[in-house]
Amino acid sequence: MDKKLLKISDLKSKVEDQNILNGIDLEVNKGEIHVIMGPNGAGKSTLANVLMGHPEHEIINGEIEFEGEKINDLAVDKRAKKGIFLSFQYPQEIPGVTVENFLRTAKTAVSGEQQSIFDFKFLLEEKMNLLDIDLSYADRYLNKGFSGGEKKKNEILQMAVLEPKLAILDETDSGLDVDATKTVAEGIKKLASEDNAMIIITHHNQILDYIKPDYVHVLVDGKIAKSGDMELARLIEKEGYSEYKEEILDESNSKTNC
Amino acid sequence: MNEKTEVKDIDRSLHDKKNESKHRYQSAKGLTPEVIKEISREKKEPKWMLEFRLKALEIYKKKEIPTWGADISDLDMENIITYVRPDADLQSDWDQVPDEIKDTFDALGIPEAEKESLAGVGAQYDSEVVYHNLKEEMVEQGVIYMDMENAVKKHEDLVKDHFMKLITPNDHKFSALHGAVWSGGSFVYVPAGVDVDIPLQSYFRQNAPGSGQFEHTLIILEEGANAHFIEGCSAPKYSVNNLHAGAVELFINKGAKLRYSTIENWSRNMYNLNTKRALVEEDGVIEWVSGSFGSKVSMLYPMSILKGARARAEFTGVTFAAEGQYLDTGAQVIHAAPNTTSTVNSRSIAKDGGHAYYRGLLKVTENAHGAKASVACESLMLDNESKSDTLPIMKLQTDDIDIGHEAKVGRISEEAIFYLMSRGISEEEAKAMIVRGFVEPIASELPLEYAVELNNLINLELEGTIG
């Protein structure tokens, strides 16, 4: 079976006149967990948004391939139907739309199969139990009045219900206390399998106490400055990002000098 | 980049079905005392009513057209046919109503709803009521539900004591016009302590082109009575402008409770200049539920006057303005007694260059100590061409009161659309979902069949998958 899922080559993007991604290369295969770390403003969330197809971001160079197909121009909902999922750093509040109705509509759209009210309720309750979410949340309005932790849990619940092939988790661990991080991390661990892949974007290491990634990438100034494994994450925890900033600086300097 | 998509217009095909205009009598265009006398003679009214009409006409001639709010300069008053009598007599059996008229109401689902969920039904076609019926057990308890014409004759004293006492011809030009040419409408009387536990419904249909509908609704609830009245309106679209200037007067006595629900879906050539008022005595309750979707121009501001201590008013309204529509709506509440309470919750939506304006009034008089009021008005614009404003006016004449106020005007959020689309939901559906969610607090207040209609209005043509 083909393990190849995502291939990003020399990806550059901008918002209005500002260039943000400056040439990203990344390959993700099924069964893998990738962690992307980096300082604030490095372009981590931009990468997540560009992969999902946010209309504000314009791709100016390079390619995103998903299962061998170029998806640069694919609409957001079509990407979701292909199996890409983004767990938002700041999930939107949608008043008047219950979690259950929303997710049933989304499941119908993503799976292409009409979800019966009964069967879906059963599925939803199963996933809520898995993630230790109170069943009453099904009837609440989507993210309305949810605490930071509840919103993040709700994102993971959506992932559990929609069963994507590639899940991009944008700062899913930020703003969470120790207990909430543990619950969310364990939820993610339960959902990771040989048939899917995850890209976990984070700027601290707490979540890595629970999830062991296969690859760790350091994103600085819109480029991947270094790739490695857990050791790299530990190093960054000790020494920070300054070293990588200089590396890129040196590189661009040397380019100008040539 | 995503292409721009549209929330489709409300499907009007059903409401736009027009019948060939047949009638027995039609008053000459324009307004003169002779026209008024003719109307009164046709109706075989008591003399006091004719005199009332003529006085109102004099006031009408003197009053200026209001210059605030919507632009109504297109409305040619001299050319609105004021009184059109359909070619049918009043019936209490649908089978006796002429087929063509009955078919219209059938298509609108009125007789079906009567069988299933209503205590009584009135149906008005152009200026006259063609059908009126009330369940037997309600009649036995002394409940009166009949067309206004007959009420003037059969319950003359009751009508005379209340008719245009709350809304007078002196209030504004269109209340004066109403006083002069009113025709049709419903009269409801609920005796003390009687609970009409299933709704009464009047449906107003305007068929003749270039005509006006001026129905008068008068509801009196005696002490401790309870009722729910539903009003529905529609008209097919003609190229000439139509005018609706009805009046609704609600008298809610001590401890009585009335819920007044309206779904207005007039055609897009209608000037809807309606006046509605409720007078609420001690411990009485008025609940307004209001949906404004149709018309070219609406100026509609239902007023609750909380006259008795602890009286309460609630207003829940939704307005949907699409292309070419200027809907100027809002609630007025006057707290005129101690410990009165009110809650106003309004949502408006504007799309395709439509204009939704919230204009409300909250007034607390000097003696209304301990009054509590909250006003929340939110509006949502679906594109950059549409407009929305809110103007909640407050006049507070005493200090020891508790007032809460919240007004929000916003555009549909691109981030919210992106969020929903990232879950596989199409852009149209994402927008419809956000709009449905936005009006949900109102939809949940509506009678079921109207909640369904509201949802359909928003949903139509959209790929809704919510069951």
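Just so we're on the same page: letters track the sequence lines, and every chain starts at 1.
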Minimum heavy-atom separation for I94(A) and I434(B), please, with both atom names.
CG2-CG1, 4.4 Å

Under 4.5 Å between any side-chain heavy atoms of M421(B) and R79(A), yes or no?
no

Shortest non-hydrogen contact from F418(B) toward G53(A)
CE1-C, 3.9 Å

Counting only heavy atoms not in K81(A), do more than 12 sit closer than 6.0 Å to its NZ atom?
yes

Less than 4.5 Å to any heavy atom of chain A: does that hold for the side chain of S444(B), its backbone, both, or neither?
neither

Could you list which of residues 149-161 of chain A have a heavy atom closer than 4.5 Å to any heavy atom of chain B, in residue-number order?
E155(A), Q158(A)

Check whether any side-chain N or O of R423(B) sits under 3.5 Å from a backbone N or O of L86(A) as a donor-acceptor pair, and report yes or no.
yes

Is any side-chain heavy atom of T105(A) closer than 4.5 Å to one of E429(B)?
yes

Tell me if the CD atom of E414(B) is crowded by more than 12 foreign heavy atoms within 6.0 Å.
no

Heavy-atom closest pair (A80(A) atom, S422(B) atom, distance to 0.1 Å) is CB-O, 3.3 Å

Within this structure, what is the CD1-CG distance for the pair I417(B) and D77(A), rounded to the nearest 0.5 Å?
12.0 Å

Please tell me if the side chains of L420(B) and L142(A) come closer than 4.5 Å, counting only heavy atoms from C-beta onward.
yes

Measuring heavy-atom distances to chain A, does Y419(B) have an atom under 4.5 Å in its side chain, in its backbone, in both, or in neither?
both

Minimum heavy-atom distance A109(A)-G424(B), with the two atoms named
CB-O, 3.1 Å

P91(A) portion near chain B, given a 4.5 angstrom heavy-atom threshold:
both

Chain B contact via N143(A) - side chain, backbone, both or neither, heavy atoms under 4.5 Å
side chain

Please check if any side-chain donor atom of Y141(A) sits under 3.5 Å from a side-chain acceptor atom of E440(B), or the reverse.
yes

Where do A416(B) and Q92(A) come nearest, in terms of heavy atoms and distance?
N-OE1, 3.6 Å

